[in-house]
Every structure is written in structure tokens, then in C-alpha cells.
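Each remark here refers to the structure printed beneath this line.
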Amino acid sequence: MRYQKPKGTLDILPGESQKWQYVENVAQQIFSKYQYQEIRTPIFEQYEVFARSSGDTSDIVSKEMYDFEDKGGRRLALRPEGTAGVVRSYVENKLFGPEHNNPYKVWYHGPMFRYERPQSGRQRQFHQIGVEALGSDAPEMDVETISMALNFLNELGLKDYKVVLNTLGDVQTRKNYHQALLDYLTPLKEQLSADSQIRLMKNPLRILDSKEAQDQKLVADAPSILDYLTDAAKKHFQVVTNLLDQIGVAYEIDANMVRGLDYYNHTIFEIMVTSPAFDNREMTVIAGGRYNGLVAQLGGPDISGVGFGLGLERLMLLLEQANNNLPEFLGPDIYLVDVNDADSAAVSKLLTQLRQAGISAERDYLHKKVKGQFKQANRLHAKFTLTIGDEELATKKAQLKRMADGSEFTVDLTDLSGILQQIKKG
RNA sequence: GCGGUAUUGGUGAAGUUGGUUAACACACCGGUUUGUGGCACCGGCAUACAUGAGUUCGAGUCUCAUAUACCGCCCCA
């Protein structure tokens, strides 16, 4: 039997994992400047948490969710996205209460699961970093969210992106527009693609997003949601765009941009990039928006939220392409060579002392000969080697060799700080 | 869920109309150097061609099924 990882999953091996740590560290740094703190919620939740929040007819719920029954007969699901779990936690822990700071700002990172066909940058287990700000319906909060996303990308050295913006308005807007769209499209039903004919019943907004040429032609003359905004919704969006203008964030408005999840309203945005990593096709790396009403939907008070999520697999492809100086794993500062097994205990003892003194140190564990140990030290990119044998142990003097140029220094084995000093000099 | 392409050692791969020991290179290990790396030379390294069936005297080479990867659709991060 030959085992292989499940379809659509990835081993993130050493070498690769450094990049992930780097990105997560940058996220942590940037987000904390905006006073976001990390939250860790379960990887699985009650099925209903996702079904209720995302919408029963959404693709995620209807065909992409990993749902299962546990041994106690509970219906659970692996999280397909991060927001629902965070909101559930916010409600369950009553984080809206007066003793907590609101807006309550959290970020998270971790694996998400969707049962779909894997492709480049798309996995069944994939990873997202996301942020949520709960408890403010101020448009300023939308803008902060967008600018934080951009700040994050900038810090990673990614520059070639554009911000695409739209508004889905409030409940009344949605209702009015929904009807207007139906009025327009229903007579044209026969001209729509087969997929879009189904969408017409389930979620007509999605037709706006169709890639079928025949649909796009019809959509071009469809009513725009921007003409159906209520006064309040219009005002909210205006403040958002004004603020973006004032802080110098360029954006495009795409009135046809929609969302696969039902819980969004008001401002939605995507940050898109065009990169050789995706064959120079436009690709969304960050998507977010406002979801007033979701907290209430999951049993909490009528509290607003806004956030975004980004796919780490896609981000990694971009970073590789951008070829920014990503961190590499460094070899040991010193590699201890033991000449024969009898000296092994002394070597291990010194090794421990060196590590306790705060430097990275390594030795041989394969009983290699001296030559082999030097090869190994070279391969690990060790900065120094220290050779220890009977003679050295007897005289307490040993040769510290700088691997870069081969120069050697005699050091006193009883003088740990002297050795450390020499190593720190490089 | 639908369609297309692919799958040979640790890696990159060659494998002719199905017919002896699965080429070559890199990496790795060992030796030349009985205590010192990066170079050179020598040697070693796939009972095995994704898995399972089938056709055949004989299959890495043909057929079918399954798995996985990649690409497109759907959808999305």
C-alpha cells in the first residue's frame, strides 16, 4: 500500500514553511498596528453555522461543504470560510457586551475546506488570513479595512494591484434591485446561458458576474444597482469613496461585482492582481466587505461587521513570482566535529552549553568520519566548525575553523565566552 | 459535478514497430586522503516503470478500471 495525501491537500515542507511563517508574521505586525488581535476558533462548527450564514443556495453550502456526522450524531462541517465561526464566537462569548472594546477587531489564519476540483492555487484544504471588525457600521471602518489590506500587501512588497469596489446597499436596496433585475432579465430568459437560467431562479445577482459572452451582452444593458440605492445606502457608499479619495487610494467601481455568500451588503471590495504567476490573468487575492445583519442572523444583537479574507496559496504564488527577499532558514553558527565516539559525550555537553548561550549549534548523529562531518557542516552552511578529539580534550585547546575562508583559530575549551565571542565576530 | 492531458529511482529524464542487464545527467553514499569541507578521479545507487486487472509466448511500451497531478468549465481565495 502506497499512501498519498488526499486530493487537493498540500504538504508544506521546510523551506516552504518559512514563507508561510513570514507572511503570518507580517500579518500579525501590520494588523496589530490597527489594533486587531488574533482569534482562534474551531476548524469545525455546527453545520448550521455555515448553512445559515452563507445561504442554503450558495455553492459553498450546496455542493462544496465538508459536512459529516460525528459519533454522537451531531451534524458538523469543516469551515469553508472564516467569518461565520468568528461571528458565532462573538455572539456566543457576548463580545458585544459593555466590558469589551467595540468595534471588536480580530484576525485569524488557518485552514479552510471546500470540496472542489483542485487547480493551481486552489486546494480542498486551503489557507486564509482574514480580519473582522464587529460593532461599527461607520463607513470609516470600511475604509480602514481596505487600507489595512493594502498596507499588508505593500509590506510584502506587492505593488501591482488594483482595488475594485461596489456596494450591494441595504436590505431595501437589495429588494428593489432584485426585482428590477428580474423584470429586466425574465423576458430575456431564453437568451441567457443555461447556467444563468438557473441562476435567475436561485440568485439573479450572480448573472451579473457570468463569463458567458451571451450573458455579458445582456448584462451590459441591465439596470445598475447604483441606481437603486436607498438614500442611506448611497450616503454610506459616498463616504467610503470620498475617504478613499482623501487618503489617496485608487479604486475602480464595478457595479456588476457580486458575492457568492449571501451575508454581504453595503461595501464590497476585491483586490486584484495581474501577475505571471497566474498567466497574466486578473486574479483576486483579497476579497472583503460589509456584513451587517450576520451577527443577528447567528443569534446576536443587530450589530454590523466588516472584514476581508485572503487566500494564502495564491499569495504564495505571487510572492514567489515577485521574488522578494523571502527569509531563508539559516544554518548553524557552529558545527561540532567529534573525532571518535569516545569524545561524543564531551561534544554533546559543549553543544548544550553553546545552545543555552543562545547560538544555533549542530553535531553529527550518523557516526560519520571527520571528513564526512566537514562535508555535512559545509552542506548545512555552518559558519564555524570546532574539532574535538582526545588531544583537544587533554590539552583543552581546539581549532575553531571559519568555513567561509578556512581560517582557523585556537580556542580554549574551558573558556566558553571566548568561543562565543569568536563566533559572534563571524 | 463535467471535459482534456499526464503519471518511469531522491531529482531532471531517455526508452525505437511490445522482445536480452531501464540510457544519460544531477543529487546522495563510499573510496583515493587510518583527524578536516567546497575541486578531481574511481566505485555504489530503480527485482522497478502510479495502483489493479486484462490481451500476448513475451508489456514501461496495447486495453480497461481506479488513484493522483495539471489545465478548462462551474465556483471561488
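Chain letters run A, B, ... following the sequence lines, proteins first, then strands; residues in each count from 1.
- Rounded to whole Å, the separation between the P atoms of B/A22 and B/A27 comes to 24 Å.
- Between A/Lys162 and A/Glu252 there is a salt bridge, since a side-chain N of the basic residue sits under 4.0 Å from a carboxylate O of the acidic one.
- Distance CZ (A/Phe374) to C1' (B/U36): 4 Å, rounded to an integer number of Å.
- Across all strands shown, A/Gly406 has heavy atoms under 4.0 Å from base atoms, whether or not it also approaches the sugar-phosphate.
- Taking only side-chain nitrogens and oxygens, A/Lys371 comes nearer than 4.0 Å to OP1 or OP2 of B/G37.
- Base pairing annotation: B/A59 forms no Watson-Crick or G-U wobble pair, as no partner gives both donor-acceptor distances under 3.5 Å.
- Pairing partner, B/U66: B/A50, with both Watson-Crick or wobble hydrogen-bond distances short of 3.5 Å.
- Rounded to whole Å, atom P of B/G35 lies 16 Å from atom CG of A/Leu393.
- B/G31 atom P lies 4 Å from atom NZ of A/Lys369, rounded to whole Å.
- Here B/G38 sits opposite no nucleotide as a Watson-Crick or G-U wobble pair (both hydrogen-bonding atom distances under 3.5 Å).
- For A/Glu408, the side-chain atoms get nearest to B/U36 when compared with the rest of B/A77, B/G37, B/U36.
- Taking the side chain of A/Tyr115 as heavy atoms from C-beta on, and the options B/A77, B/G1, B/G35, the nearest nucleotide is B/G1.
- Between A/Glu81 and A/Arg114, no side-chain nitrogen of the basic residue sits less than 4.0 Å from a carboxylate oxygen of the acidic one, so the salt-bridge criterion is not met.
- In this structure, A/Trp107 has its ring center closer than 6.0 angstrom to the ring center of A/Phe31.
- For the pair A/Arg124 and A/Phe126, the cation-pi test (distance below 6.0 Å, angle within 45°) is failed.
- With the nearest nucleotide of RNA chain B identified for both A/Thr387 and A/Arg117, A/Arg117 has the one nearer the 5' end.
- The separation between A/Gln373 atom CD and B/G38 atom P is 15 Å, rounded to whole Å.
- B/C71 sits 30 Å from B/U16 when the C1' atoms are compared, rounded to a whole Å.
- In this structure, A/Lys7 and A/Arg122 both approach RNA chain B, and ranking their closest nucleotides by distance from the 5' end singles out A/Lys7.
- Residue A/Gln119 has a polar side-chain atom (N or O) positioned under 4.0 Å from OP1 or OP2 of B/G72.
- Shown here, B/G10 forms a base pair with B/C26; the pair counts as Watson-Crick or G-U wobble because both key distances fall under 3.5 Å.
- Here B/U32 presents its C1' atom at 12 Å from NZ of A/Lys375, a figure rounded to the nearest Å.
- For B/G9, the glycosidic angle deviates from 0 by 90° or less, giving a syn base.
- With both ends at atom C1', the span from B/U11 to B/U56 equals 35 Å, rounded to whole Å.
- A cation-pi arrangement, defined by a distance under 6.0 Å to the six-membered ring centre and an angle within 45 degrees of its axis, is absent between A/Arg402 and A/Phe409.
- A gap of 28 Å separates the P atoms of B/A13 and B/A59, to the nearest Å.
- A distance of about 8 Å separates the C1' atoms of B/C28 and B/C45, rounded to the whole Å.
- Applying the 4.0 Å criterion to OP1 and OP2 of B/C29, one finds that A/Lys368 has a side-chain N or O inside that range.
- A/Gly8 comes within 4.0 angstrom of sugar-phosphate atoms only, judged by non-hydrogen atoms across all strands, and of no base.
- The base-pairing partner of B/C74, taking Watson-Crick or G-U wobble contacts with both distances under 3.5 Å, does not exist among the strands shown.
- A/Asn151 and A/Tyr34 share a donor-acceptor pair across their side chains, judged by distance under 3.5 Å alone.
- Taking atom P in both B/U7 and B/G31, the straight-line distance is 39 Å, to the nearest Å.
- Within 4.0 Å (heavy atoms only), A/Ala287 reaches sugar-phosphate atoms of the nucleic acid but no base atom.
- Spacing of P atoms, B/G43 relative to B/G4, comes out at 50 Å, to the nearest Å.
- Here A/Arg379 reaches the OP1 or OP2 of B/C28: one of its side-chain N or O atoms lies under 4.0 Å away.
- Counting any heavy atom pair closer than 4.0 Å across all strands shown, A/Val285 reaches sugar-phosphate atoms only and no base atom.
- Atom P of nucleotide B/U36 and atom CG of A/Asp405 are separated by 19 Å, given to the nearest angstrom.
- Between B/G60 and B/G9, the two C1' atoms lie 14 Å apart (nearest whole Å).
- Closest approach to the A/Gln4 side chain among B/U36, B/A67, B/C74 is made by B/A67 (side chain taken as heavy atoms from C-beta onward).
- Both tests hold for A/Arg259 against A/Tyr264: distance to the six-membered ring centre under 6.0 Å, angle to the ring axis within 45°.
- Side-chain atoms of A/Glu392 and base atoms of B/G35 include a donor and an acceptor less than 3.5 Å apart.
- Counting heavy atoms from C-beta outward, A/Val337 and A/Ile388 have side chains that stay 4.5 Å or more apart.
- Following rounding to the nearest Å, A/Glu116 (CD) and B/C73 (C1') show an atom-to-atom distance of 13 Å.
- For A/Arg402 and B/G37, the CZ to C1' distance is 16 Å, given to the nearest whole Å.
- Counting non-hydrogen atoms under 4.0 angstrom, A/Asp195 reaches the backbone sugars and phosphates but no base.
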